[in-house]
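Please find one structure pasted underneath; my questions will follow.
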Protein chains: 4
Amino acid sequence: MSEVRASAGERAHAPVPRRAGRPRSEEADCAILDAALDALVEDGYGGMSIERIAANAGVGKATIYRRWRGKAEIVVDALSRRACFDVPLVDTGDLRADLLTTLRAVHANMVGVEGPLMAAFAAEKFRYPELREEFERVFVAERRAHLRALVAAAVERGELPADTDVELLADAGPALLWHALTVRSDPGDASLPDRIVNQLLR
Amino acid sequence: MSEVRASAGERAHAPVPRRAGRPRSEEADCAILDAALDALVEDGYGGMSIERIAANAGVGKATIYRRWRGKAEIVVDALSRRACFDVPLVDTGDLRADLLTTLRAVHANMVGVEGPLMAAFAAEKFRYPELREEFERVFVAERRAHLRALVAAAVERGELPADTDVELLADAGPALLWHALTVRSDPGDASLPDRIVNQLLR
Amino acid sequence: MSEVRASAGERAHAPVPRRAGRPRSEEADCAILDAALDALVEDGYGGMSIERIAANAGVGKATIYRRWRGKAEIVVDALSRRACFDVPLVDTGDLRADLLTTLRAVHANMVGVEGPLMAAFAAEKFRYPELREEFERVFVAERRAHLRALVAAAVERGELPADTDVELLADAGPALLWHALTVRSDPGDASLPDRIVNQLLR
Amino acid sequence: MSEVRASAGERAHAPVPRRAGRPRSEEADCAILDAALDALVEDGYGGMSIERIAANAGVGKATIYRRWRGKAEIVVDALSRRACFDVPLVDTGDLRADLLTTLRAVHANMVGVEGPLMAAFAAEKFRYPELREEFERVFVAERRAHLRALVAAAVERGELPADTDVELLADAGPALLWHALTVRSDPGDASLPDRIVNQLLR
DNA sequence: AGATAATCGAGACGGTACGTCCCGTCTTCCA
DNA sequence: TGGAAGACGGGACGTACCGTCTCGATTATCT
């Protein structure tokens with residue numbers, strides 16, 4: 001994210017563009033990102049201070065500013081490295097089962113440890129547009145494409161009507177979970193994915 | 001919102017229990033709220049400063065803090081006074097038509113001036129849970145109850161299967177619009193409400 | 001030094017150009033200047049930090065920067081307000097006695113609290129030529145003119161040769177004390193003024 | 001100054017105490033000291049930074065810290081190598097002539113190229129006591145001892161009264177020049193040494 | 001009419017955090 | 001081993017705002 005760092009060089013005599021001087025400490029990297037995530041959860045994006053991150057990470061402020069240009073960049077980097085929005089991209093050929101698997105995983109993430117992180121990130125990305133792309137990449141893109149593929153395949157197989165609005169149907173499940181989390185401020189219980197699948201694939 | 005002003009009146013036909021001293025200037029109120037919305041748009045919530053709001057409104061800082069306790073309250077008040085999330089609660093007995101009317105109105109609000117405000121407000125309510133209620137009141141409650149009533153009536157009438165998950169189906173439309181606005185960062189074009197209704201009520 | 005502050009207004013109806021807003025605290029002024037002098041003595045000019053001055057004075061940094069533009073200005077102001085280079089300008093008609101009185105007073109000042117202040121100020125005035133005048137005014141002008149007058153009168157009276165270099169002889173005493181303080185870094189003991197007078201007026 | 005350097009002879013008998021490894025670069029030495037003097041003149045002692053010296057000298061910071069322990073040592077070394085406070089220590093047996101020669105040389109140095117350097121050094125030594133000793137060594141000690149010896153010899157020879165305060169009389173000349181330079185901020189014209197000698201040795 | 005009282009704009013207050021610069025040390029690779 | 005390069009933890013810099021607190025002046029209601 002933050003830097004290039006000598007990309008191997010496969011062959012003999014490869015010039016290896018190693019930067020001169022002492023290399024940056026990976027320990028510091030980690031300590032800072034950990035402290036940043038702690039701070040994000042503890043104080044929120046607006047309330048966290050780089051000064052405190054530095055102190056908690058046992059690091060000088062300059063060491064932070066050498067790597068990132070500001071709070072937004074730190075948070076983005078921290079999230080993109082730490083956040084494991086862990087949703088298996090299953091494809092068994094059974095749409096109902098695959099959809100259920102996916103939504104259950106999404107829901108589990110939302111009510112689990114990633115929930116506050118995701119909610120915080122979602123909240124912040126409105127205020128700080130520079131976070132938007134990263135949010136997309138980490139939480140949305142892959143999973144959304146997969147769901148769309150699942151639905152499209154089901155249409156192909158004739159399990160769903162030919163005039164199905166693939167994009168909408170694929171989005172509907174996550175949209176309802178997202179709505180519960182962010183609008184209703186209540187992610188619902190474990191049965192919510194089942195209810196959603198039942199209603200959508202009736 | 002911000003304060004208890006002239007509390008009721010003790011007697012019948014109370015002669016207006018006006019407080020002693022110079023009354024607060026309504027001009028100042030307006031100037032501040034306008035400046036606050038400008039600032040919100042210009043610099044974002046994180047970047048706006050009360051000092052600049054005061055300066056732009058031609059007002060002392062104390063005049064602001066006399067009315068609100070902080071940035072969050074100002075923004076909330078500004079939004080709740082300015083934001084008119086205008087969705088007619090129609091009930092013609094035709095679910096498809098009513099749902100379409102509602103979603104079109106919601107969508108129009110989202111793509112219009114209210115969209116960014118709503119998103120900003122949604123972001124706020126995560127950090128300041130006390131704003132959740134206001135968000136609920138302004139943007140959600142009435143409309144959500146109405147949609148649920150519409151769907152329930154349709155089930156009653158036998159237009160929808162008896163085992164329909166009323167809550168989910170009522171939420172699905174707004175959820176998809178909200179998903180488009182906040183997750184996909186693209187509220188979609190004017191046909192989106194139609195596509196949603198077509199997909200949900202097939 | 002640092003500011004103007006309502007210059008009286010002599011007549012009736014004088015507009016009195018009182019600045020708007022809360023007036024600056026004189027307590028803060030004093031606390032800062034005291035802390036600054038303490039710091040100057042404690043850590044030296046190079047070692048003192050404005051941050052510590054603020055902390056010791058129980059004052060925010062902004063309160064300091066509102067009044068002065070930097071360390072140099074603070075020190076100068078502190079010196080010019082606190083430094084009372086107290087030398088009585090006696091003229092009894094007895095050159096030897098008057099000279100002795102003067103040099104003893106100068107010496108007392110140098111070995112006392114004013115010595116380091118004077119030296120520090122002398123250092124300042126090299127970097128900031130605009131301070132030269134202040135140095136001259138506070139430490140030099142009056143006393144130097146007086147001594148010259150004393151010597152000139154003695155020449156007039158015939159106590160000293162007619163070809164006496166008045167200026168040089170008048171300067172010689174203070175010059176030797178200054179030399180001891182600044183070059184030899186040892187202001188000498190209480191007998192130094194006597195030795196000087198004895199040597200100069202032999 | 002700062003360190004023991006591989007001393008001389010390579011051949012016969014010399015056990016060659018040469019240290020192992022790459023010898024230190026004399027180029028670096030010079031470049032650093034030159035850059036240091038430039039910086040001293042440009043930014044003053046307080047304003048100069050070792051980081052910039054290193055950069056301007058095209059040298060790593062470690063190369064500086066390997067040779068000197070801090071800013072003061074660098075400056076001191078730079079001055080003591082570059083500054084040639086060139087005062088011949090004549091002793092012809094003629095006090096008046098020798099004194100005059102000495103004071104003229106001192107005065108010439110003060111008004112000449114060494115003036116600003118000396119003034120800067122003098123200014124800084126008050127603020128940074130670590131410079132004091134070096135100032136003494138470079139600008140004062142030898143010359144002062146010599147002048148005292150001259151005066152003492154004159155007393156010995158009976159040219160001056162037996163009760164002459166040797167130390168004071170020896171200091172008086174330089175003291176008056178110093179006073180002119182630092183207190184009066186005007187080193188005076190070329191006749192000043194003559195006036196001083198005339199007044200002191202009447 | 002005068003007293004009382006809350007408001008107003010202005011701006012200073014003690015603080016916290018910012019992002020930059022430099023300190024003196026340490027760590028890398030190259031000569 | 002010394003050199004240039006540059007990262008390290010630390011700390012002060014001067015600035016911007018925070019939310020609170022005076023100021024003198026203004027504008028109301030209540031004697």
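So that the names make sense, note that chain A is the first sequence line, chain B the second, and so on, each numbered from 1. This is a predicted model, so every value here is computed, not measured.
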**OP:** May I ask you to verify if any side-chain N or O of C:Ser25 is less than 4.0 angstrom from the OP1 or OP2 atom of E:dA12?
**Re:**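 No, because none of the side-chain N or O atoms of C:Ser25 sits under 4.0 Å from OP1 or OP2 of E:dA12.
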
Subject >> Length of the line joining D:Glu51:CD and F:dG6:P, which is rounded to integer Å >> reply: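 So the two atoms are 12 Å apart, to the nearest Å.
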
**OP:** Write down the distance between CZ (A:Arg52) and P (E:dG19), rounded to a whole number of angstrom.
**Re:** 14 Å

Original post:
Could you run down nucleotides 20-26 of chain F 5' to 3' and tag each one B, S or - for protein heavy-atom contact under 4.0 Å?
Top reply: BBBB--B

Subject >> By side-chain contact (heavy atoms from CB on, under 4.5 Å) - contacts of D:Arg69 (at least two apart) >> reply: D:Glu73

Original post:
Should A:Arg24 be listed as having a side-chain N or O under 4.0 Å from OP1 or OP2 of F:dG9?
Top reply: no

Original post:
Is there a side-chain contact between B:Ile64 and B:Lys61 (heavy atoms, below 4.5 Å)?
Top reply: no

Subject >> Heavy-atom side-chain proximity of A:Tyr65 to A:Ile50 below 4.5 angstrom >> reply: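 In short, these two side chains touch, coming nearer than 4.5 Å.
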
Subject >> Lys/Arg-Asp/Glu bridge criterion (N-O < 4.0 Å) met for A:Arg24, A:Asp29 >> reply: no

**OP:** Rounded off to whole Å, could you give me the CZ-to-P distance for the A:Arg67 and F:dG6 pair?
**Re:**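 After rounding, the reported distance stands at 15 Å.
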
Original post:
Can you check the A:Glu26 CD to E:dT27 C1' distance for me, whole Å?
Top reply: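 Going from A:Glu26 (CD) to E:dT27 (C1'), I get 15 Å.
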
Subject >> Of A:Ser49 and C:Ala28, the one whose closest DNA chain E nucleotide lies more 5' >> reply: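 The residue whose closest nucleotide sits nearer the 5' end is C:Ala28.
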
Original post:
Is D:Gly58 touching bases, backbone alone, or none of the nucleic acid, heavy atoms closer than 4.0 Å?
Top reply: sugar-phosphate

